[in-house]
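Notes follow once the structure below has been shown.
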Amino acid sequence: MRQYPLDKIRNIGIAAHIDAGKTTTTERILFYTGKIHRMGEVDEGTAVMDWMIQEKERGITITSAATSCFWKEANINIIDTPGHVDFTVEVERSLRVLDGVVVIFCAVGGVQAQSETVWRQANKYRVPRIAFVNKMDRLGANFFSVVDKIRTRLGANAVPIQIPIGEESSFQGVVDLVEMQAYVYSEEGQEIPVALSELPTTIVEMANSQRVLMLEKIAEVDDEFLEKYLVDSFTTDDIKNAIRRATIAYKLVPVLCGSALKNKGIQQLLNAIVYYLPSPLDIPPVKGVNPLTGETEIRLASENEPFCALAFKIMADPHVGKLTFIRIYSGHLKKGDLVYNPGKNKRERVARILRMHANYRENIEEAFAGDIVAVVGVPSTTTGDTLCDENKPILLEAPHFPEPVISIAVEPKTKAEEEKLQSALQKMVIEDPSLRVHTDPETGQQIISGMGELHLEIVVDRLQREYGVQVRVGKPQVAYRETITQKVRQEGYYVRQTGGRGQYGHVVIDVEPLPRGSGIVFEDKITQGAIPKEFIPAVKAGIEEAAEYGVLAGFPVVDVKVTLVDGSYHEVDSSEIAFKLAASQAFRDALAKANPKILEPIMEVEIVVPSSYLGDVLNDIVARRGKLESTELSSGETVTIKAYIPLAEMFGYATALRSLTQGRGIYTMQPSHYSELPENIAKELVTSSKGVYPLFELSQNKRGG
């Protein structure tokens, strides 16, 4: 039996740039809702939501953690996501299944690099959001500057529904512009509501003017409220309902403020989550494809609909084995039910259903539409798979994950641990869709690829601590790519005659360059049956296989269009393998003639430094082949620098920046695009050892920054 109605459920995420205060805010939410009785601190390694030992050591969130709590009769399911770009896949897959998100901004830093990434991800999945400007008590805090940046840099219709009472060390509380109620806090963060008229005149005037602006902004995007606003006949509930409608329709982003560390503004944030973010009933029904008919179908958020859920996260638990986190969109699920995975055509029985609180588990008997739970007993299910009723199958769209940009080689210290390493890596790849593992065909080395140095460092650390595999690792290698710059026509033959039935395949292909990010595109333009249709898939497969290793240095080939224009066949000797080999050889020969080039990944880098060090940092960017995008003077006499720098030049940058700024500079980076590698560096790369990773031993207890 459902414990709470669907309209009282809020499935939300907490997302932001690194160090904006996501986990601290979540800890306060859990405390004020009575879920925990003592607030943990990120810096002390006691935060409930940062449960991994690597998170406690580094003071950062690495994996998204789920929990649930209650506020004003609403059940709030929360996913606390990482802020570091190396773990952006955790944000991606969480946003895919969430109904709303609280985006937290630092009152000093404002809209930072990962803030923009999170915002774009929320736009992609059309997730309604509210903004919380945190750290209002810090030196340099400026609420209205942050609101302005949300509007200009993110293109959002940000509307303050609160304003701060004081800033920096004088931050005392907030004024709720909807109810025209002020909340002043003691040093311990205890809330003391006061009448607005008791506040200083300057606050009253600002509150009145900001309220008028808020009402005008709401009236601009909500016709129902506009009618009442024009005749000055509206209530507080009318305002709340209008904000809710506009937020859910992506027309408005309510902005709140506070200081999570000082326990200020958290109760008002909880109210806003309940008032303004959607329930499962407020969002459009989930769409999917019927795998039997290929037609689009929908599932309503109701327990009376056929069961339908999306697996969005896999976690290896030492006590219960593989945990599969699912969002149930329709129907209900009982312990022991048989579920169907249409993507893998598998039937599996759910052995246990768990409600998660970070790494703590609570057994429950059943779950319903709108719930986010973990299940045990579906071993073949992976991230992005659909689970549904076999009699009413549906296939939901899976989240899309970015390609890795950096690689290292790993090998066990002893031959006896080789099988143990393989098993551990297989489990980690299932958990983390942004982690890739393959064996280098030339060196025989085991290569792991990920989103950044920190990502791979955590992977190696987990191999040693969780799985007990002592490994040697290679220095990080850049994920280069190869492409072409000219259009070429090329023939490919594969002819073998051995006395019996021979082999015959003949293709003519055009290869031409495509814009960056296009991948490999194949087009069939065969006419009049020059090549029988049954051999066309083999031609495509041969080209795709050949594209895995380029002709310059063996890197994958990208951004090339291949058009099959002609060929011939033999009625007896032609076969799929012959056409596959002919196409593969034609493609490689064409690459060599089409002026091939090596591409390198370029990172978007955001650096924050005191203005006195600006010159040294800019000179260093130029020395790293960087391209300066912009510099912006921030509050507190710091400068924010945006630049595009090749990933190959960014190894060890944290140490270099500390040295240049006496430890006062910070930076973040994220993949931006691929660009052509300069000729002189490309020649060195081609003549080098072609991907051999020199190995060294890694300290087991290495700590991150």
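- Under the 3.5 Å distance criterion, the side-chain polar atoms of N134 are matched with a main-chain donor or acceptor of A260.
- Of the possible polar contacts, none joining the K346 side chain to the P379 backbone as a donor-acceptor pair under 3.5 Å is found.
- Here the straight-line distance linking atom CG of D371 with atom NE2 of H332 works out to 12.0 Å at 0.5 Å rounding.
- Judged by distance alone, the side chains of N363 and R352 do bring a donor and an acceptor atom under 3.5 Å apart.
- Shown here for K392 and R299, the closest heavy-atom pair between the two residues is O-NH2, 3.1 Å.
- Note that R327 lies outside the cation-pi zone of F325, set by a 6.0 Å cut-off to the ring centre and a 45° limit from the axis.
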Checklist entry - Would I266 and T25 count as a side chain to side chain contact (heavy atoms under 4.5 Å, CB included) if you check the C-alpha gap in whole Å, the side-chain angles of each, and the deciding distance to 0.1 Å? => result CA-CA 7 Å; I266 301 301; T25 302; 4.2 Å; yes
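- Atom CE of M356 sits about 5.5 Å away from atom CG of L323, to the nearest 0.5 Å.
- Pairing each heavy atom of S259 with each of F132, the nearest pair is N-CZ, 4.4 Å.
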Next on the checklist: Quick one, E390 with R347, criterion salt bridge (charged side-chain N to carboxylate O under 4.0 Å, His left out). Give me CA distance, side-chain angles, the key distance, then yes/no.
Outcome noted: CA-CA 8 Å; E390 186 176 6; R347 298 163 190 82; 2.6 Å; yes
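- The two residues I9 and A369 make their nearest non-hydrogen contact at CD1-O, 4.3 Å.
- The two residues C308 and L396 have their closest heavy-atom pair at SG-CD1, 3.7 Å.
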Next on the checklist: Walk me through whether W71 and I29 qualify under side chain to side chain contact (heavy atoms under 4.5 Å, CB included).
Outcome noted: CA-CA 9 Å; W71 184 259; I29 287 175; over 6 Å; no
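- Smallest separation of non-hydrogen atoms from I78 and C69: CD1-SG, 3.8 Å.
- Side-chain contact between D432 and H455: present, with at least one pair of heavy atoms (C-beta onward) separated by less than 4.5 Å.
- Residues K135 and A20 come closest through the heavy atom pair CE-O, 3.8 Å.
- Screening T324, D385, I372 for a side chain to side chain contact (heavy atoms under 4.5 Å, CB included) with F312, the sole residue that qualifies is I372.
- Within the 3.5 Å criterion, the main-chain N or O of S279 finds no donor-acceptor partner in the side chain of D7.
- Atom NZ of K322 has more than 12 neighbouring heavy atoms from other residues, nucleotides or ligands inside a 6.0 Å radius.
- Rounding to the nearest 0.5 Å places NZ of K344 at 3.0 Å from OG1 of T382.
- Between K287 and E397 there is no salt bridge, since no side-chain N of the basic residue sits under 4.0 Å from a carboxylate O of the acidic one.
- For K427, the NZ atom counts as loosely surrounded, since its 6.0 Å shell holds 12 or fewer non-hydrogen atoms of other residues, nucleotides or ligands.
- Summarising the geometry, atom CZ belonging to F307 is positioned 13.5 Å from atom CG belonging to N391; distances are rounded to the nearest 0.5 Å.
- Interatomic distance, SG of C257 versus CD1 of I165, reported as 9.0 Å (0.5 Å rounding).
- At least one side-chain heavy atom of E116 sits under 4.5 Å from a side-chain heavy atom of L154.
- Remark: K334 NZ is loosely packed, at most 12 non-hydrogen atoms of other residues, nucleotides or ligands lying under 6.0 Å away.
- For the pair R129 and W119, the cation-pi test (distance below 6.0 Å, angle within 45°) is passed.
- Judged by distance alone, with hydrogens and angles left aside, the side-chain atoms of S330 form no donor-acceptor pair with the main-chain N or O of E305 at under 3.5 Å.
- The shortest side-chain heavy-atom distance between I12 and I273 falls under the 4.5 Å cut-off.
- The existence of a salt bridge linking E431 and R462 is confirmed by a sub-4.0 Å separation between a basic side-chain nitrogen and an acidic carboxylate oxygen.
- No donor-acceptor distance shorter than 3.5 angstrom exists from the side chain of K313 to the backbone of S94, with no hydrogens or angles considered.
- Looking only at atom types and distance, the side chain of Y340 has no donor-acceptor partner in the side chain of E348 under 3.5 Å away.
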Next on the checklist: Apply side chain to side chain contact (heavy atoms under 4.5 Å, CB included) to residues K72 and N271 and explain how you reach the verdict.
Outcome noted: CA-CA 8 Å; K72 292 188 180 297; N271 289 340; 2.6 Å; yes
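- Of the possible polar contacts, one joining the T33 side chain to the L30 backbone as a donor-acceptor pair under 3.5 Å is found.
- V373 has its side chain within reach of I326: a pair of non-hydrogen atoms, C-beta onward, lies under 4.5 Å apart.
- Put simply, the side chain of Y250 gets close to the backbone of R126: a donor and an acceptor are under 3.5 Å apart.
- Taken to the nearest 0.5 Å, the CG atom of D80 stands 9.0 Å off from the OG1 atom of T24.
- Formation of a donor-acceptor pair under 3.5 Å by the R244 side chain with backbone atoms of L277 is found in this model.
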Checklist entry - What do the steps show when you test H17 against S115 for side chain to side chain donor-acceptor pair (under 3.5 Å), and what is the final call? => result CA-CA 5 Å; H17 184 86; S115 310; 4.7 Å; no
Next on the checklist: Does Y125 form a side chain to side chain donor-acceptor pair (under 3.5 Å) with E92? I'd like the steps, not just the answer.
Outcome noted: CA-CA 9 Å; Y125 294 113; E92 183 85 15; 2.9 Å; yes
Next on the checklist: Show, in sequence, the C-alpha distance, side-chain angles and deciding distance for V376 and I353, and conclude whether the side chain to side chain contact (heavy atoms under 4.5 Å, CB included) test is met.
Outcome noted: CA-CA 7 Å; V376 180; I353 306 175; over 6 Å; no
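- Within 6.0 Å of atom NZ in K35, more than 12 heavy atoms from other residues, nucleotides or ligands are found, so the atom counts as buried in its surroundings.
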